[in-house]
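First the proteins, then the strands, lettered A, B, ... as listed; each starts at 1. All values below were derived from every heavy atom in this structure, side-chain atoms included, with hydrogens, water molecules and symmetry-related copies excluded.
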2 protein chains.
Amino acid sequence: MQLTRIYECLCDETRLRVLHVLSPGPLCVCHFQAVLREPQVKISKHLAYLRHRGLVESEREGNWIVYRLAGKPSRELAANLACLQDCARENPLFQRDLARLRKLAPKLAATGPGGCAVLAAR
Amino acid sequence: MQLTRIYECLCDETRLRVLHVLSPGPLCVCHFQAVLREPQVKISKHLAYLRHRGLVESEREGNWIVYRLAGKPSRELAANLACLQDCARENPLFQRDLARLRKLAPKLAATGPGGCAVLAAR
DNA sequence: GACCTATATGCCCTTTTGAGCATATAGAAT
DNA sequence: ATTCTATATGCTCAAAAGGGCATATAGGTC
């Protein structure tokens, strides 16, 4: 049953946060580092985990690798991601991430070429 | 975050099946054995797992122990259980369990005192 | 080509998980 | 008191998970 595969992806806090901040739109790894404040290895591994299981997709853009939610989610996945968004709405940790995400765009734009071009270009 | 605790409960197929067949109403362990066709130890351990994490509650009734879904589920739990029911609707495995569950009441009633009195009494 | 930046991966370690077997326990029946 | 039935639990084992460190890789820049 593929449903358990989905839940396996959801039973780690870091992965939940990744999926949550990915909901508004694509991000590259440096964004996750900035928003989640977690070490690069940790984030990279969880992204790989989610990618292998088809929850997210990645694409290279110059030096950066951009992650997005899977394009054609199954009914189950779509339902559970929606449920996650719903649960996140009242969760302080998730809301903190979201706040950092919102602040990120202008700040990165200001750092110039050192920042990540993808989000800065928005 | 308690959300991950919930997902940890959901990431095993046996536990998903348990929660699913528990949705219509309480069951005792022998029912789970009959419906899920899994060994007693396996079922008992997963029930204990769910009980320790507060997803189900149990109560002794004579020789049997009756399990039911937790009385006052959190918002997150309620949302995820609803989502699970939704996902189960189109899933053959879950539907098979449900079919066995429906057949169970009359059959147990016929076996007399050897069967489980709880469901038979319905 | 040498170097830098962003990201991924291999290795190691500790903890958790899920399964099974054997056994314990609680209450009912005799 | 013994026995039976239903269920739980301790032990062991193999596998997986999750974290960190070091290192590899890919694409830019000089």
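- Remark: side-chain polar atoms of B/Gln85 are not paired, donor with acceptor, to backbone N or O of B/Ser23 under 3.5 angstrom.
- The A/Ile65 side chain lies nearest to C/dT7 when the options are C/dT7, D/dT7, D/dG18.
- Between B/Arg5 atom CZ and C/dT17 atom P the separation is 8 Å, expressed in whole Å.
- Atom pair B/Glu61:CD and C/dA26:P shows a separation of 19 Å (rounding to whole Å applied).
- Heavy atoms of B/Phe32 sit nowhere under 4.0 angstrom from any nucleic acid atom.
- Two residues, A/Asn63 and A/Ala48, neighbour DNA chain C, and the one matched to the more 5' nucleotide by heavy-atom proximity is A/Asn63.
- Computed from coordinates, the B/Ile43 CD1 to D/dT9 P distance equals 16 Å when rounded to whole Å.
- Rounded to whole angstrom, the span from the CD atom of A/Gln33 across to the P atom of C/dA6 amounts to 9 Å.
- Residues A/Ala78 and A/Pro73 share a closest heavy-atom pair of N-CB, 4.2 Å.
- B/Leu81 CG to B/Glu76 CD: the interatomic distance, rounded to the nearest 0.5 Å, is 11.5 Å.
- For B/Tyr49, no side-chain nitrogen or oxygen approaches OP1 or OP2 of C/dT16 to under 4.0 Å.
- Listed candidates were D/dG18, C/dC11, C/dG20. Nearest to the side chain of B/Val41 is C/dG20.
- Taking only side-chain nitrogens and oxygens, B/His46 comes nearer than 4.0 Å to OP1 or OP2 of C/dA19.
- With C/dT7, D/dT7, C/dT9 as the candidates, the nucleotide lying closest to the side chain of A/Arg51 is C/dT9.
- Residue A/Arg53 has a polar side-chain atom (N or O) positioned under 4.0 Å from OP1 or OP2 of D/dA17.
- Between the side chain of B/Arg15 and the backbone N or O of B/Tyr49, no donor-acceptor pair lies under 3.5 Å.
- Remark: the backbone N or O of A/Ala48 is paired with a side-chain donor or acceptor of A/His52 at under 3.5 angstrom.
- The side chain of B/Lys45 approaches D/dC11 more closely than any other nucleotide in the set D/dC11, C/dA8, D/dG19.
- To the nearest angstrom, C1' of D/dG28 lies 10 Å from CZ of A/Arg60.
- Mapping A/Pro39 and A/Gly62 onto DNA chain D via the closest heavy atom, the residue that lands nearer the 5' end is A/Pro39.
- Rounded to an integer number of Å, the gap from CD of A/Gln40 to C1' of D/dA24 is 12 Å.
- Under 4.0 angstrom from either OP1 or OP2 of D/dG18 there lies at least one side-chain N or O belonging to A/Arg15.
- Counting to the nearest Å, the C1' atom of C/dA28 and the CH2 atom of B/Trp64 are 9 Å from each other.
- Summarising the geometry, the separation between CG on A/Leu47 and P on C/dT9 is reported as 11 Å, rounded to the nearest angstrom.
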